[in-house]
Structures are given as structure tokens and as C-alpha cells.
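All remarks here apply to the structure that follows.
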Amino acid sequence: MTGVIVTFFVLAALMSAFGLARQRRLHRWLTAWRHRDPAANEPSDAAFRVGRVMAFVMAGFFAFSGCRAMDFADGSSWDLHQVRSVAVAAASSLGEGASAGREVTRSELDEAVQEAAEGIGPFHELEVKPSGDDNFQLATVKGEYPFCLAVTSSRTGGFAVPGADGSTTILPEYGRSVTVEPGECQAGSDA
């Protein structure tokens, strides 16, 4: 992508140079040699003005295209602060309320990260991997800007589920908290 951006800006500079150059001299240097009588085939002053304007229009087009390409490249990548904000938002989402299960499922985690990444950057450029007991590592697919999401859960009570035969089963309920630490998850630790 860098090559495309550089090419756009080089072409913009080249077109600007053509626009700033003396048009008559530029014509003699580039095209007049093709004719037997160059003076008889010389364009009018209006044609030279149109050529100058067109060179500047093309320079503006290439500069605009280069800026758009830079915006596109920036929008399809992640930086440290963006990954941190996604990690914190996902941790907050996962830690809210109580859950019936003690562990965080992969689908819960992926959903939380996808919701957190919405509007910030491309979700497909992030990768979440399990890293030890109740730890998950969030980073870019290139492994840049890793953050460790450490899940701790504790039993907060339970809720009763009535059975068909009149019996009652108590299912445990867990409260979760998710902490975010910069860097890779350490094996065997809770962050």
C-alpha cells in the first residue's frame, strides 16, 4: 500500500512541475521535434493555458487520491490505543452482571470483541487466543499490541429451577470480573 501512496504523490509532484514549466518550451522539448516545421505546428496560447490548467487539475487529482489511499491504509490497521480501547470495552462487557457458567466461552469473547471493535477498526484484523487458565490474549493478526484479558469468577449464589416432578434444582450463579493488562499473558498466572 505504501508503494501506491508514494506513486500518487510522485505523480502529483510531476504534474505540478509540468504545470509550472513554461508550456511553449515544454512543447518544443516533448512534441515539436515530430514535425518538419515545428513553428507552423505550434499550438495557440489558449491551448498552452488549457494544458497548464489540466496539469494542475491532474496534480490535484493525484494528491487527493494519495490522501484517500492514506486514509484507507490508516482505517484498515490498528494502533496501540485502538487495541487497548477494544480490550477495555470487551472486558467491561464480559464482566457485566452474573452468568450461569464459570468460564467465558469463545463465542462470548468473540462477540464482545466484535462489538467493541465496531466503529474503531476492522474486526477481522484482530485475533483472540486462549492463553492459559481463564486468560485470553487480544492482539492484531500480526501479533502487534497484545493485551491479556484475565477472567476471574466467583460464586455469587444460585437460582432455583423447578423440575417437572416438583423438585427444585439449584444452579450456581457466578460473578465475573475481567482485567486487562498490556503485553502477552503469562503462563500460569491470572494476569
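Just so you know, these numbers use all the heavy atoms, side chains as well, and skip hydrogens, waters and symmetry mates. It should be emphasised that the depicted structure is a prediction, and the values quoted were computed from it without experimental measurement.
- Taking CE of Met70 as the start and OG1 of Thr2 as the end, the distance is 10.5 Å to the nearest 0.5 Å.
- Taking both residues in full, the closest heavy atoms of Val128 and Phe136 are given as CG1-CB, 4.2 Å, listed atom of the first, atom of the second, then distance.
- Taking CD of Glu184 as the reference point, atom NZ of Lys129 lies at 7.0 Å (rounded to 0.5 Å).
- Separating the CZ atom in Phe147 from the CD atom in Gln137 is a distance of 10.5 Å, to the nearest 0.5 Å.
- Atom CD of Gln82 sits about 9.5 Å away from atom CG of Leu126, to the nearest 0.5 Å.
- Within a 6.0 Å sphere centred on CZ of Phe61, other residues, nucleotides and ligands contribute 12 heavy atoms or fewer.
- Minimum heavy-atom separation, Val180 to Ala87: CG2-O, 3.6 Å.
- One hydrophobic cluster, built from ILVMFWY side chains closer than 4.5 Å, holds both Phe8 and Leu14.
- Heavy-atom neighbours of Glu144 CD from other residues, nucleotides or ligands within 6.0 Å: above the threshold of 12.
- Asn135 approaches Cys185 most closely through the heavy-atom pair CB-SG, 4.0 Å.
- Side chain of Gln114 to backbone of Leu109: no donor-acceptor contact under 3.5 angstrom is found.
- Heavy atoms only, all atoms of each residue included: Phe18 and Gln23 are closest at O-NE2, 2.8 Å.
- Distance CZ/Arg84 to OH/Tyr145: 11.5 Å, rounded to 0.5 Å.
- Atom CD1 of Ile5 and atom OG of Ser65 lie 11.5 Å apart (nearest 0.5 Å).
- A distance-only check finds a donor-acceptor pair linking the side chain of Thr7 to the backbone of Gly3 [under 3.5 Å].
- A 4.5 Å side-chain heavy-atom check between Glu127 and Val141 finds at least one atom pair inside the cut-off.
- Between Ala63 and Ala12, the shortest heavy-atom distance links the atoms N-CB, 3.7 Å.
- When the side chains of ILVMFWY residues are joined at heavy-atom separations under 4.5 Å, either directly or via intervening members, Val4 and Met58 end up in a single hydrophobic cluster.
- A donor-acceptor pair is defined here as one N or O able to donate and one able to accept, closer than 3.5 Å; no such pair exists between the side chain of Ser93 and the backbone of Ala89.
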